[in-house]
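Just below is one structure, and these are the notes that go with it.
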Amino acid sequence: MISSIAIVAIVAFVSYVIVPCSGYLWVRSGWKRMLRRFRKEPGITGICTGFADGKLLIHPTGTDTASDIRVSPRHTLFFILRKDEESEKLDWRTVFLLQTGTTLFYIPAKKRFVRCICIFYEEKNSAALAEQLRKLTIPERIANPVKPYSVAAGAFTEFLLFLLYTRNQETGLAGMLALAAIFGIALPYLPPGLFFTLTAHLSYTKKTGAKKSRQRRVAGFLLITAGTLLNIGIVFFVIRRIGL
């Protein structure tokens, strides 16, 4: 019984916590490397003049250079910087939808296995772009490409464990835990634990633009954890009542 419960707990912890957190830290480290390059390596301010043969054409501004710089989208990291100082990474395929005349900042790669960096700005204003780049920081909300796949794999594995353990009365508790773990990430967003999750998110004063302090992050984490545990308890209660 104990080994069955341990397996359920390990699968949930690895799929819902370890792998997503590792993916987040990996993406965050990429942002840090990009910011270091912005501060150390010289770049080129320019505008997008179009596309040719699958290449992005960049015309440097403030120089006498007549020819455009040809950039391969596949070998370039693209970002967009919005007027509210929020930054977001772009898929290279979406770059071909870019409007001609968009202001940008381009850092060419000095090494063979290092990608170029190109960051676009919503406004067609080179001076404003330079000012925004000086204030550029790691965004609070970072897209984690690993999380959806990890959560899906974890939920599927927990479902298989649920089918396996509920066949035997001795491992029935482990089967109940596996059933609760199937919901995984969704547990904080199910009522009545949803109230705790909403309370935690309301602690972020988005209207004033203030960032979460460490105390608020800890308080929010504790609230979400309490709501999740409450929902797990309700799942156990319901399963007991229906006699599974």
Side-chain angles (χ1 to χ4, degrees), residues 15 18-154 156 185:
S15 302
I18 296 296
V19 176
C21 287
S22 300
Y24 173 82
L25 293 175
W26 176 72
V27 175
R28 187 178 177 84
S29 66
W31 275 95
K32 288 182 178 180
R33 291 192 299 270
M34 185 200 72
L35 291 177
R36 284 197 296 267
R37 290 185 63 185
F38 267 109
R39 288 166 175 58
K40 293 182 179 180
E41 299 181 18
I44 300 169
T45 302
I47 60 173
C48 172
T49 58
F51 300 90
D53 300 327
K55 306 287 186 180
L56 171 66
L57 303 181
I58 297 176
H59 183 74
T61 56
T63 64
D64 297 331
T65 304
S67 59
D68 292 336
I69 300 174
R70 300 168 66 89
V71 177
S72 173
R74 287 179 175 270
H75 301 92
T76 306
L77 295 174
F78 292 99
F79 301 85
I80 183 169
L81 181 60
R82 308 191 188 281
K83 291 181 287 186
D84 57 2
E85 299 181 14
E86 287 290 328
S87 50
E88 178 185 354
K89 187 176 181 180
L90 299 177
D91 189 290
W92 67 270
R93 299 175 185 85
T94 64
V95 175
F96 295 101
L97 303 176
L98 197 69
Q99 292 184 353
T100 302
T102 301
T103 304
L104 56 86
F105 186 77
Y106 173 69
I107 299 179
K110 295 182 178 180
K111 298 180 180 180
R112 183 176 181 181
F113 297 104
V114 177
R115 291 187 177 184
C116 307
I117 295 178
C118 185
I119 185 164
F120 304 107
Y121 188 47
E122 282 189 330
E123 291 188 346
K124 297 180 180 181
N125 188 331
S126 300
L129 171 59
E131 179 64 25
Q132 293 284 56
L133 288 175
R134 281 194 290 269
K135 298 184 292 184
L136 187 62
T137 58
I138 299 176
E140 288 192 357
R141 297 180 181 180
I142 300 176
N144 188 347
V146 178
K147 184 176 179 179
Y149 300 100
S150 176
V151 171
F156 180 72
I185 301 299

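- In terms of heavy-atom proximity, Trp31 sits nearest to Lys89 at CZ2-N, 4.3 Å.
- Looking at heavy atoms from C-beta onward, Arg37 lies out of side-chain contact with Arg33 at the 4.5 angstrom threshold.
- The shortest non-hydrogen separation linking Cys48 to Leu104 is N-CD2, 3.7 Å.
- For the pair Ala109 and Cys116, the tightest heavy-atom approach, listed with the atom from each and the gap, is N-SG, 3.5 Å.
- Here the shortest heavy-atom pairing between Leu56 and Cys118 reads CD2-SG, 4.4 Å.
- Inter-residue side-chain proximity for Thr49 and Ile58 is flagged as unmet; no heavy-atom pair is nearer than 4.5 Å.
- Scanning all heavy atoms of the two residues, the minimum distance from Pro42 to Ile107 falls at O-CG2, 4.2 Å.
- A salt bridge links Arg93 to Asp91: one of the charged nitrogens lies within less than 4.0 Å of a carboxylate oxygen.
- Considering only heavy atoms from C-beta on, Pro145 comes within 4.5 Å of Val27 through its side chain.
- With a 4.5 Å cut-off on side-chain heavy atoms, Val95 and Phe51 count as touching.
- Contact between Leu77 and Arg115 at its shortest, heavy atoms only, is CD2-NH1, 3.3 Å.
- Partner of Phe78 under the ring pair (Phe, Tyr, Trp, His ring centres under 6.0 Å) criterion, out of Tyr106, Phe120, Trp92, Phe105: Phe120 alone.
- For Asn144 (side chain) and Pro20 (main-chain N/O), a donor-acceptor pair under 3.5 Å exists by modelled atom type.
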Check: For Arg70 and Asp53, what are the C-alpha separation, side-chain angles and deciding distance, and is it a side chain to side chain contact (heavy atoms under 4.5 Å, CB included)?
Finding: CA-CA 10 Å; Arg70 300 168 66 89; Asp53 300 327; 3.5 Å; yes
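- Under the 3.5 Å distance criterion, the side-chain polar atoms of Thr76 are matched with a main-chain donor or acceptor of Ser72.
- Using modelled atom types, no side-chain atom of Ser150 and backbone atom of Lys147 make a donor-acceptor pair closer than 3.5 Å.
- Interatomic distance, CD1 of Ile119 versus CG of Leu81, reported as 4.5 Å (0.5 Å rounding).
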Checklist line | CA sep, side-chain torsions, deciding dist, call: Ile117, Met34, side chain to side chain contact (heavy atoms under 4.5 Å, CB included) | finding: CA-CA 8 Å; Ile117 295 178; Met34 185 200 72; 3.5 Å; yes
